**Student:** 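Sharing a structure below in structure tokens format, with a few things to ask.
Values in this document were obtained by computation on a predicted structure and should not be read as measured data. Read the numbers this way: they start at 1 and go in the same order the structure lists the ligands and their atoms. Residues: numbered from 1 along the sequence shown.
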Amino acid sequence: MMQGTNTDLSPVPLLDIGRGNSLLREEVLQAIAEVYDSGRFLYGPQVTQLEKQIAEICNTDHAVGCASGSDALLLSLMALGIQPGDEVILPSFTFFATASCVSRLGAKVVFVDIDPLTYNVDPAAIEASITRRTRAIIPVHLFGQAARIDAICNIAAKHDVPVVEDAAQAVGAAYHGRPVGSWGQLGCISFYPTKNLGGFGDGGMLTAESDILADRLRLLSAHGMRPRYHHAEIGINSRLDTFQAAALLVKLKHLPSYTAARQQNARRYQELFEDSGLVAECGDGAIELPHQDPAAFHVWNQFGIRVTDGHRDDLRTYLQERKIGSEIYYPIPLHEQSCYRDCGYALGSLPQTEKAAREILHLPIYPELTVDEQVQVVAAIASYFHRAHHQKVA
Ligand SMILES: *Cc1c(COP(=O)(O)O)cnc(C)c1O
């Protein structure tokens, strides 16, 4: 047996979707059964109901269902008429889908750096990258915390460029009390199972204030067909199916309590880390807890610590040996991906992004995570650093 491995503790998974979903099993299956019996598998009344409720949460006039968060981003750019030659500004420190929608339309991705405290896109970097070809800006509300969307929208308005909010990880989040998805011309939400409102497969939704844009989204998500078999525009097929909407309606009732539980878990991590002496002890910066922007209502899709001095990967292995799940979002910034290598971003061109990719480590934060499990996670991290410290001293 490996020395120092704690064998009497149960594993702590990074995410256990089953814990929350099992509590709703009967209710969700009942909702699905109703759709089954109705035969209205597309455009059923549950889709409309979910759209209404999401529009309410996001405080927008419209919400339009689609097949995924990735499609929401693509449809947004299609509705805005993005085409080859256009430039779209976005962070490199995000999930791939924020960029692929731009490239799919033949437009040019313009990657910008992040604020090292929040990991969110830096408004000043956005402004510095605006050219006369800039046709859209896609800020990402990363890990559940709103980007500085007020500053971003001001800059965008000054240059008359539309904003598409990537709120895939941030449904229910707000900035200065105003919900994400209501700041830009369009907002994109994902129901991917690991998101805060996680569905049972793929699903997504768009939010919009403008009647014209909302109508274009409905048209473009249904083959650009209007009336039937008449196509003035080239759309795609991207719908939220009724089964998914019916099941999501059941979960949506619990979203406020899921969010509160995530926030409580985040607070508890802060306390546990402070009590462990780890943060103070490593005052020279071995780990840094996530920074919360005071204006942000943070919904904690992820809890990421910064592990400096090259300890991140060793710590992750150490946690793995103790059956504690962790993840790196994101290990390779988009400007370093092979498919974007010819975009001309040299290594070192987005220093804060590259540093974050080397140092960030995400810990379990899901709503049903127990106090004991959090204690276990923090104790393991503390013991790693005590060991590392002793090895250094010896
Ligand atoms: C998950 C995610 C997406 C894509 O959503 P899907 O529903 O998985 O297609 C886009 N952007 C960000 C930041 C995400 O986290």
**Student:** Going by the rule salt bridge (Lys or Arg N to Asp or Glu O under 4.0 Å), which residues pair with R133 if we only count those two or more places apart in sequence or in a different chain?
**Tutor:** E87
**Student:** Only one of S238, S190, S221 clears side-chain hydrogen bond (donor to acceptor under 3.5 Å, both in side chains) with D71; which?
**Tutor:** S238
**Student:** Would you indicate whether R148, at its atom CZ, is surrounded by more than 12 heavy atoms from other residues, nucleotides or ligands within a distance under 6.0 Å?
**Tutor:** no
**Student:** Which residue pairs satisfy the salt bridge (Lys or Arg N to Asp or Glu O under 4.0 Å) criterion with at least one member in residues 14-24, sequence neighbours excluded?
**Tutor:** D16-R19, R19-E373
**Student:** Using a cut-off of under 3.5 Å, which N/O atoms of ligand 1 pair up with protein N/O atoms, and what distance separates each pair?
**Tutor:**
unit_1, atom_1, unit_2, atom_2, d
ligand 1, 5 (O), S190, OG, 3.3
ligand 1, 7 (O), G69, N, 2.8
ligand 1, 7 (O), S190, OG, 2.6
ligand 1, 9 (O), G69, N, 3.4
ligand 1, 9 (O), S70, N, 2.8
ligand 1, 9 (O), S70, OG, 2.5
ligand 1, 11 (N), D166, OD1, 3.3
ligand 1, 11 (N), D166, OD2, 2.8
ligand 1, 15 (O), Q169, NE2, 2.8
ligand 1, 15 (O), K195, NZ, 3.0

**Student:** Ring of Y175, cation from R178 - is the NZ or CZ under 6.0 Å from the centre and inside 45° of the axis?
**Tutor:** no
**Student:** Can you run down the salt bridge (Lys or Arg N to Asp or Glu O under 4.0 Å) pairs that involve residues 326-340, sequence neighbours left out, and say none if there aren't any?
**Tutor:** R316-E327
